[in-house]
Amino acid sequence: MSGRPEILFPLFAEMTKLDGVGPKTAQAMVAIGLEKPRDLLFMLPYSGVDRQRRDSIRDVVAPATVTVEVEVGAHTPARKKGGPYRVTVQDSGTTFQLVFFHAQGDYLQKQLPTGQRRIVSGKIEIFDGIAQMVHPDHILRPEDAGDIPAFEPVYPLTAGLTQKTMAKAAASALDLAPALDEWIDPAQKARGGWPDWQDAVRMAHRPADVAALSATAPARTRLAYDELMAHQLTLALARAAARKTAGKPSVATGRLQSKVLKTLPFLPTGAQDRAIREISDDMAKPFRMNRLLQGDVGSGKTLVAFMALLVAVEAGGQGVMMAPTEILARQHLEGLQPLAEEAGVVLELLTGRDKGRERRAKLEALKRGDIQILVGTHAVFQKDVEFRDLRLAIIDEQHRFGVRQRLELGAKGQAVDVLVMTATPIPRSLALAQYGDMDVSVLDEKPPGRTPVKTALISTARIDEVVQHLQKAISEGRQAYWVCPLVEESEVVDMTAAEERFKRLRAILGEGVVGLVHGQMPPADKDAAMARFVAGQTKVLVATTVIEVGVNVPNASIMVIERAESFGLAQLHQLRGRVGRGSTASTCLLMYQAPLGETAERRLMILRESEDGFRISEEDLAIRGAGDVIGTAQSGLPKFRIADLERQAALMEVAQSDARALLAADPTLQSPRGRAARVLLWLMEQDKAIRLISVG
Ligand code: ADP
Ligand code: MG
């Protein structure tokens, strides 16, 4: 399919083609994302006004919006500039006044000629004991009364737009909306009692009553489903394309894996075993793996990753693991190096800090195949990094990368198996929206022997007590993190706060006891500070959120977070996950600036009650919006106009299985339903998907 189907042309024409839309209005519409008639169709009214006719306003309890037929009486122009211009009117039961400010008398005379009948609609208010309607929404001749719908939709507006323009333009866009062949599974459509697409947009824009505005109204649900279906089709197409990409089957012998497992002081959890098996099975298949490993902090993802890397090596190839930060990459190196040595596997680190001769030497060793496992930062994906036989790429802490980046990575065309890992448990609906193209393994079990972290809320006013507590803990040989407030999205401001806190704590706790890391530090200093903390030389590590992901220091058992209310729940959960890794009981102190708002308090209480990342993420989603939870901008999570991920999670699941089933039955979308689905993709502007089917 080379281009947009003709049937959709009118919906993708200029906005000015619509009734009442001139260049200026069109310009104003752009501000709220309306660039063509299609956009207007998906901008649904969010409210409605009852405009049913009544005989009189007499029994109305003001303020209220009423529509009534009146006889126009006397005009009383404004006495001074800016004053009210009044027109007395009479309905079948009483008189009241229409009031206008900054009115042009001759215009009003024409609109409301004394002695004639008019329908007026607007808000009745009582002012100085007199009922009045200021700036009626509608003034019509009785014969045009039908122009006011009994229930009038209310659209989102912006400067330069009025409800009237929007209603007129929307009506005109509806006239352009064609009847389209059905892309939804007939059984699903029947189950939901959903109308055809054309009827659905009409019904959504012409609600008969308040119930029709609800997200559960069949027309709206159908339109929401269309959005989700288009998104899931895109992901399913990406998944199918990835699966079609021939991969190298990497068959594990288990030789290296069992060597490593034997040296571990513990057994893998059931969940780890299952994940390792799922990954090994995928890697053995002749198509490319595209799998997500989701597991809460401390669930032991690193071991699973290492076992997967060993599969690549056992099969005679190489593996690479990318971490989002230098600290994490180094930590992976330190944790995995001994295991690699045990297995007789060469593991190396490559980061942006490798330069010159050393870097060249590493690259050559990689190319020769002398390095079998490479860990590092995004430096490992630079153009000149070549492998002899790369089989597996692992991306750690995936939530920092978006759907788009991941799809791009997959599009690089190497036949490499891909495993992404995320420590941010996200609600199922978001997981489907974000990772619908992938297969998922979940580590839903934590290694045994963890002591739960005790979480407490403390006002900043009691900071002295906190420091005393810390002093005592240090004397008992414990270690602590102290996370500084997230003042703004600015590293520099964060840094200042952290440096301040560092100096103060050092003054109290003593020279050499307190360390500092923040994002702006020279990398070597950062490493050194981390190393001193890991070795137990420093007892307290003052930090910004750079320690958020992955850092593992089992002896650290206290986590202090300043201004906890300014962090996201997921972030707090991650930070807390830095403690509770050893055998000593751990504490997390959430310090807040009083007074706490209601929502902030509710959020912090959730943390006190639960250590279950999945539960926390569901609550987080309930309190905040979907985009907020992952941060739409960085997550690459699509913005849905109609669908509501919080409330329509179940719909997303249906859309995913429907999309996957459709593609399984009709991989190239050639059947009648497949062709209809293509139109849907064009309608929903799923460029990525369209490219995938054009190629395929
Ligand atoms: P995360 O999933 O947050 O990346 P890690 O892989 O860093 O978690 O593991 C956290 C800690 O748990 C590490 O110290 C690791 O050695 C330990 N660990 C991993 N698997 C097990 C297990 N099956 N039993 C006991 N400890 C384990
Ligand atoms: Mg980790």
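Both ligands and their constituent atoms are indexed starting at 1 by order of listing. These numbers come from a predicted model, not from an experiment.
- Residue Gln272 touches ligand 1 through its side chain alone, judged by heavy-atom distances below 4.0 Å.
- Near Leu267, meaning under 4.0 Å from one of its heavy atoms, ligand 1 places the atoms 22 (C), 23 (N), 24 (N).
- Residues in residues 346-355 take part in these side chain to side chain donor-acceptor pair (under 3.5 Å) pairs, two or more places apart or across chains: Glu326-Thr351, Glu326-Arg353, Arg353-Asp527, Asp354-Lys362.
- Arg277 and Asp282 are not joined by a salt bridge, as no carboxylate oxygen comes within less than 4.0 angstrom of a charged side-chain nitrogen.
- Interface atoms of ligand 1 facing Pro268, defined by a heavy-atom separation under 4.0 Å, are 23 (N).
- Between Gly300 and ligand 1, at least one pair of N/O atoms sits closer than 3.5 Å.
- Taking only nitrogen or oxygen atoms, main chain and side chain alike, Gly295 does not reach within less than 3.5 Å of ligand 1.
- Less than 4.0 angstrom separates some heavy atom of Ser299 from each of these atoms of ligand 1: 2 (O), 8 (O).
- Between Val553, Leu443, Thr302, Leu264, it is Thr302 that holds the heavy atom closest to atom 4 (O) of ligand 1.
- Checked against a 3.5 angstrom limit, the closest N/O atoms of Gly298 and ligand 1 fall inside it.
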Using the side chain to side chain donor-acceptor pair (under 3.5 Å) rule, take Gln318 and Asp389 through it: C-alpha gap first, then chi angles, then the decisive distance, then the call.
-> CA-CA 6 Å; Gln318 294 163 293; Asp389 182 12; over 6 Å; no
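- Checking Thr584 against Arg478 by side-chain atom types alone, no donor-acceptor pair falls below 3.5 Å.
- One N or O on the side chain of Ser586 and one on the backbone of Gly580 form a donor-acceptor pair closer than 3.5 Å.
- In terms of the salt bridge (charged side-chain N to carboxylate O under 4.0 Å, His left out) criterion, Lys259 has no residue partners (sequence neighbours excluded).
- Counted within 6.0 Å of CD on Glu358, heavy atoms from surrounding residues, nucleotides or ligands total 12 or fewer; the atom is thus considered open.
- Close contacts between ligand 1 and Thr269 involve ligand atoms 23 (N) [criterion: under 4.0 Å to a heavy atom].
- Close contacts of ligand 1 with Pro447, meaning ligand atoms under 4.0 Å from a residue heavy atom, involve 20 (N), 21 (C), 22 (C), 24 (N), 25 (C), 26 (N), 27 (C).
- At a heavy-atom distance under 4.0 Å, only backbone atoms of Asp296 (N, CA, C or O) approach ligand 1.
- Within a 6.0 Å radius of CG in Leu267, other residues, nucleotides and ligands contribute 12 heavy atoms or fewer.
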